[in-house]
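So the structure is just underneath, and the comments pick up after that.
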Amino acid sequence: MRELKFYTGNAVPLEMHKVRVVQKLNLLPIDDRLRAIKEAGNNTFLLRNKDTFLDMLTDSGVNAMSDLQLSAMMVADDSYAGSATFSKLESKLCEIFGTKYVLPAHQGRACEHIISRVFVKKGDIVPTNYHFTTTKAHICLQGGTVLEIHHPEALIVESTNPFKGNMSPELLKKTIADYGAERISFVRLEAGTNLIGGQPFSLANLKEIYNICKQHNLLLVLDASLLADNLYFIKVREPAYQDVDIRKIAREIADHADIIYFSARKLGHARGGGICTSNHELYMKMRELVPLFEGFLTYGGMSVREMEAITVGLDETMDYDMISQGPLFIEYMVNELKQRGVPVVTPAGGLGCHLNAMEFVSHIPQSEYPSGALGAALFIAGGIRGMERGTLSEDREADGSEHYSNMELLRLAVPRRVFTLSQIKYAIDRIVWLYDNRQLIGGLKFVEEPKVLRFFMGKLAPVSDWQEKLVAKFKADFGDSL
Ligand code: F0G
């Protein structure tokens, strides 16, 4: 994938792959879209995929596989113990990261479970550039507390800072001074920081944070789930690395972490997870838990076919054409929306395009879940399924009060190699229409609210008949069109 110059007009991101397997899509008429989102309790997690046109819920486990990945899956070595397939995966990870040991796990949060159980004690602190939902849940489950010590600009929605995912070195030093190194389980740095809009850290920042950790004998744990995006951004945004090979960048990142874990639903674009380290003592501590919770040490809950696909996927991640495809599509989407005045997270990150609901529907108070409401409205307007990343994704405080999120985002994920540019253009068109009609969008209220991770299964209802009014306006503007 490269941005080539075009003779006849402005260049667009160009796919450096061709589509050889397809899945038919279904675009329901708008009345059926309204019915589907109501049945789903206005929660896009509860929509059925057959009712969805563009599934932009996540990039997790839904990336397109290559012909090489699929063919590798056919020759997987299906044995419980000592599988040659696991050895291949292990060697590939050690080759890319330069680490000595690999522990398999069924997905990213399983790695978080193991790491948290081993290293987090009750009353501990885990400083991070920004939490991820499952990471925070596992750290809290062990009695720890996550401390966000992000870059000062991390939460500024519209910014020009290329590395909003950086951790603040000053705040890390202050945290160590305030709490004492013995209360810190480890320092966690997340590549392609998910919840602030897929924003990367720079290699310079990682090195600085790692040095501080070493001065205080602290472990640095890297969440590499979104490493592919972060690699791309280091290559194109960090001048010192513009001419450095992606493999070398990956290796340099790995050399500055004590433990690396990842969701292979993102990194390696298949399904699974793993923990890598070169430290034998850390490895032995974590190893004990793998057979207990995941499976034997040569599969850890993963199917051998998926392990084969991850091994090939990791190699593909070292290719600029592969890692640039998602970010360039996202950048296109962000630029087109921005030009039309739609509030989006900038600079464009990895993972997806993030709409800023706080501004998009500024008339909806946070108590009525603006990003959830925008998600429901976008499904009605275009059959597009996004993911709420705001107050709904936070659970209530112990006293039952709302924990208002720092940001109210609607994430429109762009899974790797899945969508065509015309589908992205369609999404842009429907978002712009919705923006021009944003005053019609109203809030949501819970009708069924789970106590933990409520965003997955919770059901909501509109606070008024705003959805019917939105449908009427769509019909007035688009006539018989879907
Ligand atoms: N860390 C990060 C940065 C993630 O984005 C995810 C998952 C995980 C850990 C957990 O991995 O799903 O394999 O257990 N993110 C998905 C998403 C769920 O949609 O962004 P997992």
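Atoms within each ligand, like the ligands themselves, are counted from 1 in listed order.
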What are the atoms of ligand 1, with element, lying closer than 4.0 Å to any heavy atom of [X]?
X	value
Arg265	13 (O)
Thr58	17 (C), 19 (O)
Gly108	11 (O), 13 (O), 14 (O), 21 (P)
Glu112	1 (N), 9 (C)

Arg305/Glu308 salt bridge by N-O under 4.0 Å criterion: no

ask   = So, Arg247 and Glu95, do they make that salt bridge, N to O below 4.0 Å?
value = yes

Is [X] close to ligand 1, meaning an N/O of one under 3.5 Å from an N/O of the other?
X	value
Gln107	yes
Ser60	no
Ser263	yes
Arg389	no
Asn194	yes

(message) Between Ser83 (side chain only) and Asp77 (backbone N and O only), is there a donor and an acceptor less than 3.5 Å apart?
(response) yes

Only residue of Gln69, Gln325, Arg416, Arg271 satisfying side chain to side chain donor-acceptor pair (under 3.5 Å) with Asn63 is Arg416

**OP:** Decide salt bridge (charged side-chain N to carboxylate O under 4.0 Å, His left out) for Asp51 and Arg33; before the verdict, give the C-alpha distance in whole Å, the side-chain angles of both, and the deciding distance to 0.1 Å.
**Re:** CA-CA 7 Å; Asp51 294 334; Arg33 302 202 290 266; over 6 Å; no

The answer for which part of Arg411 has a heavy atom under 4.0 Å from ligand 1 is side chain

Counting heavy atoms under 4.0 Å, the part of Arg109 that contacts ligand 1 is both

Closest heavy-atom approach to atom 16 (C) of ligand 1 among Glu190, His106, Lys266, Arg188 is made by Lys266

Residue, atom and distance of the protein heavy atom nearest atom 2 (C) of ligand 1 read Asp223 OD2, 3.4 Å

Atom pairs and distances, side-chain donor-acceptor, residues 284-296, under 3.5 Å, sequence neighbours left out:
from, atom 1, to, atom 2, distance (Å)
Glu294, OE1, His106, N, 2.7
Glu294, OE1, His106, ND1, 2.7

